[in-house]
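Comments concern the structure below.
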2 protein chains.
Amino acid sequence: MNLSSQTQAFVLHFGEMGSRWGFNRTVGQMFALLTVHSEPLNADQLARALKISRGNVSMGLKELQAWRLVELHHLPGDRKDYFTAAGSIWDLARTVFEERRKRELDPTLTLLRQLLLNDPQDEQEAGAQERMQEVYDLLELLDRFANALSRLDQKDLLKLMRLGSGISKLLELKGKSGSRKR
Amino acid sequence: MNLSSQTQAFVLHFGEMGSRWGFNRTVGQMFALLTVHSEPLNADQLARALKISRGNVSMGLKELQAWRLVELHHLPGDRKDYFTAAGSIWDLARTVFEERRKRELDPTLTLLRQLLLNDPQDEQEAGAQERMQEVYDLLELLDRFANALSRLDQKDLLKLMRLGSGISKLLELKGKSGSRKR
DNA sequence: ACGAATTTTCAGAAATTTCTGAAAATTGTA
DNA sequence: TACAATTTTCAGAAATTTCTGAAAATTCGT
């Protein structure tokens, strides 16, 4: 379980980026290692490869399971738990995307919905609520859009992402056919 | 500068969420307050309203300026710097989106591009590189897509986001006309 | 150029997050 | 059931991030 300098660099980088993606350094490293390493790894192997404590690995795996980013395997005649990254890179990306939507958007939408139920008590509050309503509308739209993207199958998602600047042409099309309807 | 309980709740929430969105608690609070408060605020007002030190406000404003999320104003006969949230909610969202793309995608793309230049030294490395290539391809696609979205004007973006599940129908359309071409 | 107003800086304090390692709990086998 | 292998837990240690406040720097009017 000694990592090539390639893998080392990859793993360390994902450790650094980890916090930006929503998990801590060692969780990022564990995930990176499981991603590049095709064979399943057990907790001891992860601990040794990454030079972190066994306890930390246990906690990290729990978190990765909560994110549904790893899969548990068993080898015949071995009681240890082995892990791999769950599904294709594509699946992983989708999962991260969905989890982040949940964590970054949903709580705010819930709060704003609540706050907007109250009647404003004065001018100041009325103005603040207007602004909050704008934030809410935007985040809700984003949330719906993210959900729609999540539901697309891989083929369509690929098609959409590859469109690039072609998107606006496609929308023009839609806009015209849409207005024609009435 | 005493905040209504509405605003208080909004500000505190954005503080909590701040870390998920890429900045720390007080920066999140400052941004939230500037967003709901239509009048420009100066550093002392922010410090008093949020009960944080003047120094912290200075650092926070510097960060918000780096994110291009605030705008500096001056009032006649007052030497203090006044700040507002920069542009419409829509503009703010676009800016946050772009900044996050830069911070979360670009460094990884750069690293992977580098790593993939090296020839693999053995089977193990070859396999790891395959996985890294997949990650690279995916992130690059995502990056291009994010860029394309950023470049859409507000009207088109709105149209696209409102499509929801209609997206797949639109893509079908495109798929068919695309294959018709050959 | 001086001085008052204002902003920035930054060393150390405080708060928070992450990590370790030993003990407790769980699991599977004989 | 007894026990060895394995995983989980969690109190406290270590590392990291954030915050304060006083001093330094800057800015502007006179």
Side-chain angles (χ1 to χ4, degrees), chain A residues 1 11-34 40-67 69-84 103, chain B residues 1 11-34 40-67 69-84 103:
Chain A
M1 248 306 66
V11 161
L12 291 180
H13 177 82
F14 269 67
E16 301 310 316
M17 296 304 279
S19 55
R20 300 214 169 138
W21 280 91
F23 19 76
N24 69 33
R25 181 153 23 108
T26 46
V27 171
Q29 292 178 353
M30 291 171 53
F31 181 49
L33 184 50
L34 291 172
L41 293 171
N42 66 39
D44 283 321
Q45 292 174 310
L46 286 168
R48 262 180 273 125
L50 301 175
K51 306 198 163 110
I52 59 182
S53 76
R54 187 62 188 63
N56 197 359
V57 170
S58 179
M59 294 188 295
L61 285 170
K62 210 173 57 170
E63 186 167 352
L64 286 172
Q65 284 175 300
W67 280 78
L69 288 173
V70 294
E71 215 159 63
L72 180 61
H73 300 267
H74 281 108
L75 303 188
D78 190 338
R79 287 167 61 171
K80 293 199 187 68
D81 292 343
Y82 283 79
F83 295 87
T84 56
R103 292 161 201 237
Chain B
M1 251 303 67
V11 161
L12 290 181
H13 178 83
F14 268 67
E16 301 311 317
M17 296 304 280
S19 55
R20 301 215 169 138
W21 281 90
F23 21 77
N24 69 33
R25 180 152 26 106
T26 45
V27 171
Q29 293 179 351
M30 290 170 55
F31 181 50
L33 184 51
L34 291 172
L41 293 172
N42 65 40
D44 282 321
Q45 291 174 309
L46 286 168
R48 263 181 272 124
L50 302 175
K51 307 200 163 104
I52 59 181
S53 75
R54 187 59 188 65
N56 198 359
V57 170
S58 179
M59 294 188 296
L61 285 170
K62 209 172 59 169
E63 185 166 352
L64 286 172
Q65 285 174 300
W67 280 78
L69 288 173
V70 293
E71 216 159 61
L72 180 60
H73 301 267
H74 282 109
L75 304 188
D78 189 339
R79 285 170 61 175
K80 292 199 188 68
D81 292 344
Y82 283 79
F83 294 87
T84 56
R103 291 163 202 235

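The basis for the numbers below is simple: all heavy atoms, side chains too, and nothing from hydrogens, waters or symmetry mates. Here is the naming used below: chain letters follow the sequence lines, and residue numbers restart at 1 for every chain.
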Determine the contact category for A:R25: base if any of its heavy atoms lies under 4.0 Å from a base atom, sugar-phosphate if only primed atoms, P, OP1 or OP2 are that close, otherwise nothing. sugar-phosphate

Closest to the A:D78 side chain: D:dT7, D:dT6, C:dT9? D:dT6

At under 4.0 Å between heavy atoms, what does B:L61 touch on the DNA or RNA strands: base, sugar-phosphate, or nothing? nothing

Distance from A:Q29 atom CD to A:N24 atom CG, nearest 0.5 Å? 9.0 Å

From CZ of B:F83 across to C1' of C:dT7 the rounded distance in Å is 9 Å

Can a donor-acceptor pair under 3.5 Å be found between the side-chain atoms of B:R79 and the base atoms of D:dT27? yes

Please answer whether the main-chain N or O of B:R103 pairs with a side-chain N or O of A:R20 as donor and acceptor at a distance below 3.5 Å. yes

Please compare B:F23 and A:K80 by the position of their nearest nucleotide in DNA chain D and report the one closer to 5'. A:K80

Between C1' of D:dT7 and CG of A:L64, the distance in whole Å: 16 Å

Nearest 0.5 Å, please: how far is NE2 in B:H13 from CD in B:E16? 8.5 Å

Closest to the 5' end of DNA chain D, once A:N56 and A:D81 are matched to their nearest nucleotides, is A:D81

Between D:dA14 atom P and A:I52 atom CD1, what is the distance in whole Å? 18 Å

Looking only at D:dC19, D:dT9, C:dT9, the nucleotide nearest the B:T26 side chain is D:dC19

A:H74 atom NE2 is separated from C:dG28 atom P, nearest whole Å, by 7 Å

With a non-hydrogen cut-off below 4.0 angstrom, is B:N24 in contact with a base, only sugar-phosphate, or nothing? sugar-phosphate

Under 4.0 Å, counting only non-hydrogen atoms across every strand here, what does A:D44 touch: a base, just sugar-phosphate, or nothing? nothing

Spacing between A:R54 atom CZ and C:dA24 atom P, to the nearest angstrom: 18 Å

Touch check for B:N42, heavy atoms < 4.0 angstrom, all strands: base, sugar-phosphate only, or nothing? nothing

Whole-Å distance separating the CE atom of B:M30 from the C1' atom of C:dT7: 13 Å

Between D:dT7 (C1') and A:L72 (CG): distance, integer Å: 12 Å

Within this structure, what is the CG-OG1 distance for the pair A:L33 and A:T26, rounded to the nearest 0.5 Å? 12.5 Å

Atom NZ of A:K62 to atom C1' of D:dC10: distance rounded to whole Å? 10 Å

If I take atom NZ from residue A:K80 and atom CD from residue A:Q45, how far apart are they, to the nearest 0.5 angstrom? 8.0 Å

